[in-house]
Peer 1: 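Quick one: structure below, then a few questions.
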Amino acid sequence: MATSRSTEPAQYIAGASIFSGRPDPTWPIEANVAENLLALWESLPTYSGPVQSAPALGYRGCYLRDPKECEWFSYQAVVTMEMNGKVVQRRDHDRRFERMLLTSAPPDAIPAQIFDAIFE
Amino acid sequence: MPVRITIDIFSGRENPVVELSAKESQDVLERLKPAEPLVQDEAEKTATPILGYRGLIVEQTGPQAAAKDLPARFRVASGNLVGGGMAHRASDSGFEDFFFSNKGYIKKLKDATAIRKILNQELPRAKDVRDAFTIQPLPFPIFIICSCAPLYEPAWWNDGGQKQLHNNCYNYACNYRSDTFAQPGRAAGAMYTALTCASVKPAAVKDALEDQPGANNKCPEEGHLVALVIAPNVDFHWYRKGRNGYWSHKPGSTQVTNVDNSGHLISDPRTANRGMYTDFCTFMVVKHGHIKIN
């Protein structure tokens, strides 16, 4: 699994909920990628509609966590931020946040056929 | 006519009991006046005991005459009233929602918050379980479908913390909490080397699971039945057959569930919607106390 090339300790961690038997992949996020993700988050419109639920088996979403335990969870065009019990949802029509997050994963962390199926 | 309400939920522990004042009792009996009669097998479904929330037992106590249109003791479950010859809808079919709400009489319990937390999961689960019942004439002698199978206790695993996050499908199928996200063969020093049936199955055998490819969805005489499926070169997944004959599973660190990817109860994992786990590998038997996983 790749490690951050930053000289500072990795502060942001990303992960995807995919597997059942194997541990799910997690990876450190480069500071510049985290900044891009957070800038993208800020640009997204707020959303309060229904959220598509994930199936029991297979890809169930991905997340970004910062050192303050703030989490952004993305699945099917909705990004949900949760911090200290506060929840904010934003619409991501083109799934740019999800795509940027997942493409930051090290090679082989997410099997190619799974990755392809996510954005079919 | 004071009323006592027992929340019928526990198996080992004593059930919580709420004693109502005269005014509260009057309110409850008014809400629980019988409305239309139940039809078909609704009454039997309401009265059939299940694990977890089974309803509220309402008892009219004290020297004063009981409400004439209600028996001295009856059960309320999913808005239905049964007992003492009665089988009707309650006039307030949302009585249980009211009872367990912040304004409801559950607040009289010291541990109301803890009980409410349990019920948040139990109420919909109990309704789903009852709705899924198919009441059929009982054969004689009465057969329990899988007497050695583990109970379906999702609330035990779904704690959102240590148990849920660090135990996977293999832990759940084996009914063995290791808190290590157990991997087939690892405890025996013979972990699988590929995500194929040919590699994962023998690894599980090393953990002392018994391969029963011909089990054909039938419960074993000893132990319980599990099923191994594979997403080729991606992952493995396990199901376990429960006491009621239905299967349940725990996808990774997520919650235990008894439905497949189509939201259907699982009567046979071979025909369930398994998403990417397209290869049905085998049935195996877990004999309690024999296996060791890590």
Peer 1: Tell me which of these, Gly263(B), Ala231(B), Pro251(B), has more heavy-atom pairs under 4.5 Å with chain A than the rest.
Peer 2: Pro251(B)
Peer 1: If I take atom CG from residue Asp211(B) and atom CZ from residue Phe283(B), how far apart are they, to the nearest 0.5 angstrom?
Peer 2: 11.0 Å
Peer 1: How many angstroms lie between atom CG of Leu102(A) and atom CD1 of Ile110(A), to the nearest 0.5 angstrom?
Peer 2: 4.5 Å
Peer 1: Identify the residue among Leu119(B), Thr113(B), Asp111(B) that makes a side chain to side chain contact (heavy atoms under 4.5 Å, CB included) with Ile106(B).
Peer 2: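 Of the listed residues Leu119(B), Thr113(B), Asp111(B), the side chain to side chain contact (heavy atoms under 4.5 Å, CB included) partner of Ile106(B) is Leu119(B).
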Peer 1: For Ile114(A), is it the side chain, the backbone, both, or neither that has a heavy atom closer than 4.5 Å to a heavy atom of chain B?
Peer 2: side chain
Peer 1: Find the N and O donor-acceptor pairs between chain B and chain A that sit under 3.5 Å apart.
Peer 2:
{"unit_1": "Asn168(B)", "atom_1": "ND2", "unit_2": "Gly21(A)", "atom_2": "O", "d": "2.9"}
{"unit_1": "Gln183(B)", "atom_1": "NE2", "unit_2": "Gly21(A)", "atom_2": "O", "d": "2.8"}
{"unit_1": "Val234(B)", "atom_1": "O", "unit_2": "Arg22(A)", "atom_2": "NH1", "d": "2.5"}
{"unit_1": "Asp235(B)", "atom_1": "OD1", "unit_2": "Gly21(A)", "atom_2": "N", "d": "3.2"}
{"unit_1": "Asp235(B)", "atom_1": "OD1", "unit_2": "Arg22(A)", "atom_2": "N", "d": "2.9"}
{"unit_1": "Asp235(B)", "atom_1": "OD2", "unit_2": "Ser20(A)", "atom_2": "N", "d": "2.4"}
{"unit_1": "Asp235(B)", "atom_1": "OD2", "unit_2": "Gly21(A)", "atom_2": "N", "d": "3.2"}
{"unit_1": "Phe236(B)", "atom_1": "O", "unit_2": "Gly21(A)", "atom_2": "N", "d": "3.2"}
{"unit_1": "His237(B)", "atom_1": "ND1", "unit_2": "Ser20(A)", "atom_2": "OG", "d": "2.5"}
{"unit_1": "Gly252(B)", "atom_1": "N", "unit_2": "Ser20(A)", "atom_2": "O", "d": "3.4"}
{"unit_1": "Gly252(B)", "atom_1": "N", "unit_2": "Ser20(A)", "atom_2": "OG", "d": "3.2"}
{"unit_1": "Asn261(B)", "atom_1": "OD1", "unit_2": "Ala56(A)", "atom_2": "N", "d": "3.2"}
{"unit_1": "Asn261(B)", "atom_1": "OD1", "unit_2": "Leu57(A)", "atom_2": "N", "d": "2.8"}
{"unit_1": "Asn261(B)", "atom_1": "ND2", "unit_2": "Leu57(A)", "atom_2": "O", "d": "3.0"}
{"unit_1": "Tyr277(B)", "atom_1": "OH", "unit_2": "Ser20(A)", "atom_2": "N", "d": "3.3"}

Peer 1: Any donor-acceptor pair under 3.5 Å linking the side chain of His224(B) with the backbone of His288(B)?
Peer 2: no
Peer 1: How many angstroms lie between SG in Cys219(B) and CZ in Arg243(B), if you round to the nearest 0.5 Å?
Peer 2: 11.0 Å
Peer 1: Can you say whether Pro111(A) sits under 4.5 Å from chain B via the side chain, the backbone, both, or neither, judging by heavy atoms?
Peer 2: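 Interface part for Pro111(A): side chain.
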Peer 1: Can you name the residues that form a disulfide (SG to SG under 2.5 Å) with Cys197(B), not counting sequence neighbours?
Peer 2: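 So Cys197(B) forms a disulfide (SG to SG under 2.5 Å) with Cys281(B).
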Peer 1: To the nearest 0.5 Å, how far apart are CG in Asn217(B) and CG in Asp268(B)?
Peer 2: 4.0 Å
